[in-house]
Novice: 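My structure is below; once you've seen it, I'll send some questions.
Just follow the structure's listing: the first ligand is 1, and inside any ligand the first atom is 1. Just so it is clear, the model here is predicted, and its values are computed rather than measured. Computation of the quantities below employed the complete heavy-atom set of this structure, encompassing side-chain atoms and omitting hydrogens, waters and symmetry-equivalent molecules.
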Amino acid sequence: MIEKRIPLSRSELEKISEKYPTPFHLYDEKAIRENARRFYKAFAWAEGFKNHYAVKACPNPTILSILLEENMGVDCSSLPELFLSEKVGFSGEDIVLTSNDTPAEEFVAAARLGAVINLDDIGHVGLLEKSVGIPELISFRYNPGDARTGNVFIGLPHEAKYGVTRDQIVGAYRGMKEKGVKRFGLHTMVASNELKNSYFIETARMLFELAVKIKEESGVKIELVNMGGGVGIPYRPEDKAVDLELISTGIKELYDQLIVPAGLHPVRIVFECGRLVTGPYGYLVSRVRHVAKKYKTYVGLDSCMADLMRPGIYGAYHHISVPGKDDRPADQLYDVTGSLCENNDKFAVDRRLPVIEPGDLVVLHDTGAHGYAMGFNYNAKLRSAELLLREDGTVQLIRRAETMDDYFATMRFPSSLVEI
Ligand SMILES: *Cc1c(COP(=O)(O)O)cnc(C)c1O
């Protein structure tokens with residue numbers, strides 16, 4: 001069992017909330033840095049190893065600049081993500097564009113930045129050529145189809161909209177070589193929030209075998225293998241974190257077995273994990289507004305699904321702590337909800353927790369990735385602030401909460417109708 005800890009005590013959280021009212025997401029800088037170093041250390045054998053942090057997981061410039069300092073790159077899938085990465089200071093091949101249904105302006109921005117362009121479809125080659133010409137380096141996203149099983153979060157690969165198929169992949173590289181591409185990458189992303197160690201070793205096997213096949217059948221030498229993201233985190237106390245050392249050892253064995261004898265060495269290995277990097281080090285801190293006894297007992301928070309959508313859309317588990325009440329028996333059965341007019345706005349259903357009263361602080365764990373980032377404004381809910389717990393123990397506001405002015409900023413009132 002994993003002990004689900006909070007880096008701050010109840011009184012420290014109360015103090016923070018005097019300055020920055022709840023709800024807010026709080027990220028733990030020290031833990032993010034330590035985890036990043038652990039990840040890199042596990043892959044120390046792999047020359048040029050990098051994780052390209054999936055910007056969509058936590059698109060906050062302060063978080064991204066911490067990851068830049070930890071030698072990470074970025075994985076972008078939209079134009080604003082490319083711009084955000086540029087502003088933070090990422091450049092060149094530290095940026096990967098893994099987009100789908102890609103518009104020309106993303107190719108233009110990626111080419112200007114010297115980013116690695118990872119094509120989702122062979123049909124995109126024409127648009128790429130028209131908008132920026134043929135780059136020196138190109139990568140393709142591979143979709144193995146029914147050769148792999150995927151998982152509930154991402155669905156079956158052969159039903160997924162992403163990537164180049166098994167029948168297309170070798171021809172895709174041959175075609176790009178004929179067009180004058182000099183350097184080649186290979187990418188896949190077949191799982192999401194996957195906790196099985198063997199899954200990632202199998203992904204490496206699939207990509208290494210494919211790299212060998214591509215070389216044999218087209219003469220193209222893959223120099224960059226991108227294993228994608230999707231490494232899961234233990235949301236539940238009984239979950240087991242992935243063993244990065246074990247995965248790394250498994251991948252190295254396959255590298256020596258497949259890549260080296262095929263004359264492909266050196267191949268640079270990269271990942272594009274988001275969740276693994278920041279997920280466990282973010283917390284959504286809320287305050288209880290009401291405890292309502294109906295057919296069931298509801299704990300109503302001042303945050304809602306707009307601040308953390310995963311439980312509402314996937315039924316995902318997020319651990320809940322009630323700071324200051326850790327030592328009380330968890331003998332109450334609650335549904336923990338937000339205030340959205342949407343019945344799946346529930347952070348937890350039938351959760352055993354200690355007795356909760358209005359005014360208590362409630363902390364949802366593991367919101368450091370795909371938490372704030374998935375927020376939305378439905379029901380005119382305003383997005384929360386993001387805070388950073390610095391290594392020196394101070395707390396810094398890294399994104400203010402939205403205001404009603406933000407909400408109204410994009411609206412055009414009737415007077416502007418004449419402008420059409
Ligand atoms: C979302 C995404 C990731 C990151 O996924 P995690 O589960 O956060 O690791 C990586 N690559 C691509 C292409 C993605 O769409």
Novice: According to the interplanar angle, ranging from 0 to 90°, do the rings of Phe39 and Phe43 count as parallel (below 30°), tilted (30 to 60°) or perpendicular (above 60°)?
Specialist: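 Phe39 vs Phe43 ring planes: perpendicular.
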Novice: At a 4.0 Å threshold, what atoms of ligand 1 neighbour a non-hydrogen atom of Cys273?
Specialist: 9 (O)
Novice: Main chain of Asn71, side chain of Tyr40: is a donor-acceptor contact present, judged purely on distance under 3.5 Å?
Specialist: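 Side chain of Tyr40 to backbone of Asn71, a donor-acceptor pair under 3.5 Å: yes, one is there.
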Novice: For ligand 1 and His370, I'd like to know whether there is a polar contact (N/O to N/O, distance under 3.5 Å).
Specialist: yes
Novice: Within this structure, what is the OH-CG distance for the pair Tyr162 and Asn100, rounded to the nearest 0.5 Å?
Specialist: 5.5 Å
Novice: Polar-atom distance check: Glu272 versus ligand 1, any N or O pair below 3.5 Å?
Specialist: yes
Novice: List every atom of ligand 1 that sits less than 4.0 Å from any heavy atom of Thr98, numbering the atoms from 1 in the order shown and giving each element.
Specialist: 13 (C)
Novice: Who gets closest to atom 5 (O) of ligand 1 by heavy atom: Arg275, Met189, Arg141, His52?
Specialist: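 Nearest heavy atom to atom 5 (O) of ligand 1 lies in Met189.
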Novice: Can an N or O of Lys56 be found at a distance shorter than 3.5 Å from an N or O of ligand 1?
Specialist: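 Yes, there is a polar N/O contact under 3.5 Å.
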Novice: Check ligand 1 against Gly230 and write out every atom of the ligand that is under 4.0 Å from a heavy-atom position of the residue.
Specialist: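 Every atom of ligand 1 under 4.0 Å from some heavy atom of Gly230: 5 (O), 6 (P), 7 (O), 9 (O).
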Novice: With distance as the sole criterion, is a donor-acceptor pair present between the side chains of Tyr27 and Thr367 under 3.5 Å?
Specialist: no
Novice: Checking side-chain contact (heavy atoms from CB on, under 4.5 Å) for the pair Arg141/Thr188: CA distance, chi angles, key distance, verdict?
Specialist: CA-CA 5 Å; Arg141 177 174 187 159; Thr188 201; 5.7 Å; no
Novice: Could you tell me whether ligand 1 has any atom less than 4.0 Å away from a heavy atom of Asp75?
Specialist: yes
Novice: Measuring from non-hydrogen atoms of Ser77 to any atom of ligand 1, is the shortest distance under 4.0 Å?
Specialist: no
Novice: Atom OG1 of Thr403 and atom CZ of Phe408: how far apart are they, to the nearest 0.5 Å?
Specialist: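 Here the interatomic distance stands at 10.0 Å.
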Novice: In the structure I gave you, are the side-chain heavy atoms of Ile222 and Tyr173 within less than 4.5 Å of one another anywhere?
Specialist: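 Heavy-atom side-chain distance check passes, below 4.5 Å.
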